[in-house]
Amino acid sequence: MGINHGKQETRLPRRLRLGMVGGGDGAFIGAVHRMAARLDDHYELVAGALSGNPLRAASSAAAIRLDRSRSYSDYREMARREAARPDGIDVVAIVTPNYLHAPVATAFLEAGIHVICDKPLAVSLQEAQALAALAQRKNLVFALTHTYTGYPMVRHAKELVESGALGELRLLQVEYSQDWLADEIPAATAAANGGTQDPAALGWRSDPARNGPAGTLGDVGSHAYQLAQYVSGATPDQLLAELHTFVPGRLVDDHVQVMLRYANGARGTLWASQVATGCENALRLRLYGSKASLAFDQENPNQLWFTPQGGQAQCLTRGRVQGQAAEHATRVPAGHPEGYLEAFAQLYVDAAQQIAARNDGRPIPSHSRFLTTVEDGVQGMEFIEAVLRSHAQDASWVSLAQQA
């Protein structure tokens with residue numbers, strides 16, 4: 001039984017030379033990016049500033065067999081030196097804590113190097129808008145890795161909505177629940193000042209200075225919002241939001257609930273929590289239109305439920321649906337599951353296609369059009385800042401268009 005050879009449409013003349021900032025020893029997401037970049041053979045990792053600590057940067061580079069001469073501990077030096085090399089990197093992957101996303105991306109964009117950045121795009125809307133403007137001015141690709149948009153069935157859902165199969169959107173429900181922050185903070189990690197957690201002891205995600213002001217909101221809440229917007233094609237006009245921190249001493253939110261209003265009269269709800277006991281990685285989306293509904297569950301990503309009004313629920317499966325978007329993102333035959341790493345790799349495939357086209361002065365290939373970009377990042381930051389503003393105003397309705 002052979003693999004799906006549809007990926008031949010994406011074959012490039014050569015591998016793109018990839019650099020990485022962040023992702024040193026023990027970093028989960030850095031390893032995921034490296035696996036995703038390798039899967040379809042469009043990239044070769046040739047340089048990195050894997051840590052700001054010179055010793056850790058060197059040991060991390062050695063562990064993944066990077067040439068010592070192209071291992072850096074300063075991303076600014078890396079951008080400058082790689083831009084000057086005849087065989088310098090084409091694109092950089094940014095897998096640092098959130099507060100570094102904007103300065104690192106700025107350095108490489110200014111050096112004329114394309115960017116693939118982990119989400120969220122930045123820690124403020126102002127930073128995000130500046131990055132979008134810089135990428136446009138430099139005519140460079142800026143991909144943002146909203147992983148779950150790489151699933152074939154998510155792309156098929158988006159295509160179904162665009163086709164009008166659901167009719168007019170009426171209701172939207174999205175949730176992202178995990179439990180990995182549900183436990184109480186151990187006393188040994190609490191600081192002396194009244195039991196407040198020590199951010200350094202629990203990692204950068206618990207530190208507002210490195211993570212930004214949005215905890216669960218910026219981590220999984222931004223994923224939930226982006227998935228809903230991506231599939232539905234609809235952006236809310238207004239929202240009402242409440243943030244909460246259940247675990248004493250935590251410095252950022254660990255629970256989010258949001259109500260959404262849309263211009264056409266549709267209504268939506270978003271719930272994101274990292275203290276939902278028993279939940280692993282439960283990202284779920286439900287869209288209800290005047291003609292039909294869709295339901296997607298990230299923990300069962302090879303399925304999409306489609307139910308026409310008055311008809312029977314249909315379980316659509318990856319490898320069996322007909323549609324360019326799903327076929328472009330599918331590698332193996334029906335019945336052979338594709339999952340998280342393949343979805344992540346799909347973003348790298350589409351980024352490679354767009355980078356090659358931009359470098360050659362060609363139009364962006366139509367089959368790569370579902371790639372999430374810096375513009376998605378700006379919209380995500382608009383959402384985050386609107387939620388923070390609503391919460392600060394005692395959970396009042398606010399406009400997404402209004403800036404903080």
Side-chain angles (χ1 to χ4, degrees), residues 4 6-7 146-177 220 223-236 260-272 279-340 342-344 346-347 349-350 366-372 376:
N4 180 350
K7 281 286 183 290
H146 274 290
T147 317
Y148 308 107
T149 63
Y151 284 126
M153 299 314 292
V154 166
R155 295 192 170 191
H156 188 65
K158 180 175 177 63
E159 204 168 49
L160 282 173
V161 172
E162 289 182 349
S163 75
L166 268 64
E168 185 178 20
L169 179 68
R170 290 176 173 172
L171 303 171
L172 182 154
Q173 295 179 320
V174 64
E175 63 187 60
Y176 199 156
S177 54
V220 297
H223 266 311
Y225 175 75
Q226 194 278 332
L227 182 68
Q229 187 182 41
Y230 181 85
V231 175
S232 71
T235 300
L260 306 165
R261 289 175 176 168
Y262 294 82
N264 75 334
R267 293 295 185 266
T269 58
L270 181 150
W271 167 54
C279 292
E280 295 178 354
N281 200 56
L283 172 58
R284 301 186 179 102
L285 173 66
R286 294 174 295 280
L287 299 179
Y288 301 89
S290 56
K291 295 180 180 179
S293 67
L294 286 175
F296 176 78
D297 178 353
Q298 191 278 148
E299 293 181 331
N300 297 286
N302 288 272
Q303 298 178 352
L304 175 68
W305 286 89
F306 176 83
T307 307
Q309 170 62 19
Q312 295 182 333
Q314 303 167 24
C315 181
L316 311 180
T317 57
R318 189 212 51 80
R320 291 287 181 92
V321 295
Q322 300 296 314
Q324 183 191 51
E327 290 173 359
H328 172 60
T330 295
R331 291 165 180 77
V332 296
H336 296 71
E338 290 191 22
Y340 175 78
E342 290 88 349
F344 218 116
Q346 188 57 42
L347 306 184
V349 168
D350 292 330
S366 62
H367 52 253
S368 72
R369 70 187 179 92
F370 285 169
L371 175 67
T372 44
D376 295 270

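For this chain, numbers begin at 1 and follow the sequence in order.
- R284 is not listed as a side-chain neighbour of Q173, based on a closest heavy-atom distance of 4.5 Å or more.
- Of all heavy-atom pairs spanning V174 and A224, the tightest one is CG2-O, 3.5 Å.
- Put simply, the side chain of D350 never gets that close to the backbone of F370: no donor and acceptor are under 3.5 Å apart.
- Looking at L160 and L316, their side chains come closer than 4.5 Å, going by heavy atoms from C-beta outward.
- The shortest non-hydrogen separation linking L172 to A228 is CD2-CB, 3.8 Å.
- In this structure, A329 and Q346 approach most closely via the heavy-atom pair CA-OE1, 3.4 Å.
- Atom NZ of K158 sits about 11.0 Å away from atom CG of L287, to the nearest 0.5 Å.
- Y176 pairs with exactly one of Y225, W271, Y148 by the side chain to side chain contact (heavy atoms under 4.5 Å, CB included) rule, that one being Y148.
- At least one side-chain heavy atom of R170 sits less than 4.5 Å from a side-chain heavy atom of S290.
- Of all non-hydrogen atoms in S232 and V161, the two that sit nearest each other are O-CG1, 3.5 Å.
- Scanning both residues, V321 and E327, for their nearest heavy atoms gives O-OE2, 4.2 Å.
- Between E338 and R318 there is a salt bridge, since at least one side-chain N of the basic residue sits less than 4.0 Å from a carboxylate O of the acidic one.
- Taking CG from L304 and CG from D297, the interatomic distance works out to 11.0 Å, rounded to the nearest 0.5 Å.
- Residues that satisfy the salt bridge (Lys or Arg N to Asp or Glu O under 4.0 Å) test with R261, not counting sequence neighbours, are absent from this structure.
- Taking NE2 of H367 as the reference point, atom CZ of R155 lies at 10.5 Å (rounded to 0.5 Å).
- Taking H156 as the reference, nothing meets the ring-ring contact (aromatic ring centres under 6.0 Å, His included) condition, with sequence neighbours excluded.
- A 6.0 Å sphere centred on CD of Q303 holds more than 12 heavy atoms belonging to other residues, nucleotides or ligands.
- More than 12 non-hydrogen atoms from other residues, nucleotides or ligands lie less than 6.0 angstrom from CD of E162.
- Looking at V154, L294, L227 one by one, the single match for side chain to side chain contact (heavy atoms under 4.5 Å, CB included) with L285 turns out to be L227.
- Summarising the geometry, atom OG1 belonging to T317 is positioned 10.5 Å from atom CH2 belonging to W305; distances are rounded to the nearest 0.5 Å.
- Here the CD-CD distance, from E159 to Q322, works out to 11.0 Å after rounding to the nearest 0.5 Å.
- Taking CG from L171 and OH from Y262, the interatomic distance works out to 10.5 Å, rounded to the nearest 0.5 Å.
- Across every non-hydrogen atom of A165 and A292, the tightest pair is O-CB, 3.7 Å.
- Partners of T235 by side-chain hydrogen bond (donor to acceptor under 3.5 Å, both in side chains), not counting sequence neighbours, listed by chain and number: Q229.
- Below 30°, between 30° and 60°, or above 60°: for F296 and Y151 the angle between ring planes is between 30° and 60°, a tilted geometry.
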